[in-house]
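What you see is a predicted model; the values in this text were computed from it and never measured. Lettering follows sequence order; numbering is per chain, from 1.
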Number of protein chains: 2
Amino acid sequence: MASNLSHSAQDYLEAIFLLADREGLARVKEVAEHLDVKKPSVVSAIKVLMRKGLVVHQHYGCLELTSEGEELAKEIHRRHQVLYRFLHDILGVKAEVAEADACRIEHHISPQTLELLVKFVDFTESFPERDKTPKWLDYFQRFAATGEAPPCLQDSSRGCGCK
Amino acid sequence: MASNLSHSAQDYLEAIFLLADREGLARVKEVAEHLDVKKPSVVSAIKVLMRKGLVVHQHYGCLELTSEGEELAKEIHRRHQVLYRFLHDILGVKAEVAEADACRIEHHISPQTLELLVKFVDFTESFPERDKTPKWLDYFQRFAATGEAPPCLQDSSRGCGCK
DNA sequence: GGAAAAAGTTAGGCATGCGTAACTTGGCGG
DNA sequence: CCGCCAAGTTACGCATGCCTAACTTTTTCC
């Protein structure tokens, strides 16, 4: 799976993937709107993706991913999702901001960071208690919101093992 | 503090700041080496920074930040540091990789994410126990390394408050 | 003090990625 | 069936940011 794609090419690929997934097929105009660019920019980006065998597209027709393109798009989207979950679900960044940040950051994380982030999100979210939130995360979110220290730090210099 | 700086301009500013901080002054050649670009690239980047009043530099002389440039550089560097601490100290990304990722990501995080990340790192690192590591983080790091679940999840369906 | 080396600069080229303006094409309504 | 309009396309142009090659200036050191 050769990934010699520029950041912008990755964005186009991901957009086509999301649109096709959601509505069955993707069109130039929709991609342009989704990425907030003009149509000629989409066309020239598509040429690159076609040359790499990631997209099929006949003149004046609609856009489809090849299976290789779809694999790659899924991988790209996976990064996006992990980042979003970390930013939104753990850090508590507002949804729209987390979404925008994930878009921009996704192109810049190394495989190692990605995998550790996946583990971190899994570790946090697979916590099995009733309330679905680990205590330390509760404490963090309270701390972030109010500056209030976790309860176990308030009463003595001794830790309580909760953090 | 007008921050209409391109990503690359921010990199140059940060590099000058670090070099000047470390060695008293910065020179074109050093900046070039630090950023792994050629000298003419540095020269043209510096022109931009001079036009914005962030750097002083006389022909064939050495580089200095104005006070405004220094303010900005500190702010940029702060982002970098927070990211590095998160990636390295918490996620456990290898030092060189964390450094490289921080470099690239620093340009793409929103102020909101930055502040929450600061809080997250503070929350984690200001933990006062003897061993300097919160238990949950110990558990995460073990989980990341071995896939092993935290002890409190191994013996029953009941949580233990440690996570 | 002057030549050689090192540092800095300029000129000019290339790739990426976006834009506008002007065009072609495809499909729909009258 | 034909004109019209929206969608798609092409042909530019511009900004950024890097490069190499060739130059000028400064520094070094014999």
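Proximity of the aromatic rings of B:F17 and B:Y12 is defined here by a centroid distance below 6.0 angstrom, and this criterion is not met. The aromatic ring centroids of B:H7 and B:H108 lie less than 6.0 Å from each other.
Of the N and O atoms on the side chains of B:E99 and B:H80, at least one donor lies less than 3.5 Å from an acceptor on the other residue.
Annotation for B:M50 and B:H57: closest pair CE-O, 3.5 Å, computed over non-hydrogen atoms.
Salt bridge annotation for A:D101-A:R104: present, with a cationic side-chain nitrogen under 4.0 angstrom from a carboxylate oxygen.
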> Reading nucleotides 3-19 of chain D from the 5' end, what letters show protein touch, with B for base, S for backbone sugar-phosphate only, - for no heavy atom under 4.0 Å?
Replying inline: ----BBBB------SSB
